[in-house]
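Worksheet for the structure shown next.
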Amino acid sequence: MKNEFLMELDRHLKRVPERDRQDMLADFKEHFQLGEADGRTYKELAEELGDPREIAKDLIADYSITKAEVDQSFSNIFRAVFSAISLSLLNLIFVAGPALALLCIYLSLGITSFSLIIVTIPLMIPGLYIGLEGFFVRLFSAMVTGSLGVLSGVFLYYLGKVLYTWTLRYIKFNVQIIRGGRT
């Protein structure tokens, strides 16, 4: 029974790198060893632990969140969001909805910032043929829009860092609620 439990847990943890997976499994092996030393059966211990699939979901969510905290990247936050979603169907609404909305808003602001920078090129080219007055008007317009684009890009960079941190906090809070307050 112990080997079956551990094999099934290992199978559900295949997405976790080998070293980290072995660390996770070592805790459960130790649990079985301590339980056996207390005279309990493998079946009792396995029933006490619960379903290996649910345990794996919890472990993967914790692993994804921890990895997203340590190594900040879009792929890690994406994995953390979807690990949290896998814990409960309600998380599809409470995690994916806000995450998707934030992502869409952030991307649209990024596209706007990029557009403000790129629009300086078409503003400058016709100004060369209009004459000196037209050139300076277009030059000023290009400088203003380009500066707004660069400033909004810098703002979005720092906003992205804040949103990343807030998203991780929200996911951790949500996972804690799903688990019923247990850590």
Side-chain angles (χ1 to χ4, degrees), residues 12-21 23-24 56-183:
H12 291 296
L13 292 172
K14 286 293 182 197
R15 295 187 301 175
V16 177
E18 182 67 27
R19 191 177 111 222
D20 296 322
R21 186 171 67 239
D23 288 344
M24 292 174 187
K57 284 181 185 179
D58 278 349
L59 291 171
I60 290 171
D62 286 342
Y63 175 78
S64 298
I65 290 168
T66 302
K67 186 165 180 157
E69 287 175 325
V70 173
D71 181 21
Q72 294 187 354
S73 70
F74 179 76
S75 62
N76 286 340
I77 196 72
F78 188 75
R79 285 186 192 109
V81 166
F82 280 98
S83 293
I85 290 171
S86 74
L87 293 176
S88 167
L89 185 58
L90 279 177
N91 274 3
L92 189 59
I93 297 166
F94 292 113
V95 173
L100 185 61
L102 275 176
L103 179 64
C104 288
I105 291 169
Y106 190 75
L107 286 176
S108 65
L109 289 172
I111 291 169
T112 302
S113 176
F114 182 73
S115 298
L116 285 172
I117 294 169
I118 295 299
V119 79
T120 60
I121 296 168
L123 279 174
M124 290 294 293
I125 294 173
L128 297 173
Y129 303 108
I130 297 175
L132 204 52
E133 267 184 45
F135 174 74
F136 286 119
V137 169
R138 294 216 175 237
L139 177 65
F140 179 74
S141 299
M143 288 173 53
V144 168
T145 57
S147 297
L148 285 173
V150 170
L151 286 174
S152 63
V154 170
F155 171 76
L156 284 174
Y157 173 77
Y158 288 106
L159 178 64
K161 287 181 170 258
V162 170
L163 288 177
Y164 191 95
T165 303
W166 286 357
T167 302
L168 271 178
R169 285 182 185 167
Y170 179 74
I171 291 170
K172 288 166 89 174
F173 171 74
N174 188 274
V175 167
Q176 190 174 15
I177 287 174
I178 292 298
R179 292 179 180 162
R182 63 184 165 86
T183 54

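Counting from 1, the numbers follow the sequence of the chain as shown. Only this structure's heavy atoms are used, side chains among them; waters, hydrogens and symmetry mates stay out. The structure presented is a predicted model; accordingly, all values stated were derived computationally and were not measured.
Considering CD of Glu69 and CG of Asn76, their distance stands at 11.0 Å, rounded to 0.5 Å. Leu159 CG to Leu102 CG: the interatomic distance, rounded to the nearest 0.5 Å, is 9.0 Å. Atoms CG and CE, on Asp62 and Met24 in that order, are 8.0 Å from each other to the nearest 0.5 Å. Atom CG of Asn174 sits about 5.0 Å away from atom OH of Tyr170, to the nearest 0.5 Å. Phe78 CZ to Ser73 OG: the interatomic distance, rounded to the nearest 0.5 Å, is 11.5 Å. Met143 CE to Arg138 CZ: the interatomic distance, rounded to the nearest 0.5 Å, is 15.5 Å.
Under the 3.5 Å distance criterion, the side-chain polar atoms of Tyr63 are left unmatched by any main-chain donor or acceptor of Asp58. Looking at Ser113, its side chain never comes within 3.5 Å of a backbone N or O of Leu109 through a donor-acceptor pair. Side-chain atoms of Thr165 come within 3.5 Å of backbone atoms of Lys161 as a donor-acceptor pair (strictly under, hydrogens ignored).
A 4.5 Å side-chain heavy-atom check between Ile171 and Ile65 finds at least one atom pair inside the cut-off.
Scanning both residues, Ala142 and Thr120, for their nearest heavy atoms gives O-CG2, 3.0 Å. Residues Tyr164 and Asp71 share a closest heavy-atom pair of OH-O, 3.6 Å. Contact record, Val81 with Thr167: CG2-CG2, 4.3 Å, taken as the closest heavy-atom pair. The two residues Arg15 and Ile60 have their closest heavy-atom pair at NH2-CG2, 3.3 Å. The shortest non-hydrogen separation linking Arg21 to Lys14 is NH1-O, 3.5 Å. Of all the heavy atoms in Ser152 and Leu116, the pair that sits closest is OG-CD1, 4.5 Å.
For the side-chain contact (heavy atoms from CB on, under 4.5 Å) with Ser115, the lone residue among Ile118, Val119, Thr112, Ile111 that qualifies is Ile111.
Applying the salt bridge (Lys or Arg N to Asp or Glu O under 4.0 Å) rule to Arg79 yields no partners; only residues at least two apart in sequence or on another chain are considered.
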Let's go through Lys57 and His12 carefully: what are the C-alpha distance in whole Å and the side-chain angles of both, what is the deciding distance for side chain to side chain contact (heavy atoms under 4.5 Å, CB included) to 0.1 Å, and is it a yes or a no?
CA-CA 8 Å; Lys57 284 181 185 179; His12 291 296; over 6 Å; no
With side chain to side chain contact (heavy atoms under 4.5 Å, CB included) as the test, would you mind laying out the steps for Phe114 and Leu156 before giving the verdict?
CA-CA 11 Å; Phe114 182 73; Leu156 284 174; over 6 Å; no
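For Phe136 and Phe140, the distance between ring centers is not under 6.0 angstrom.
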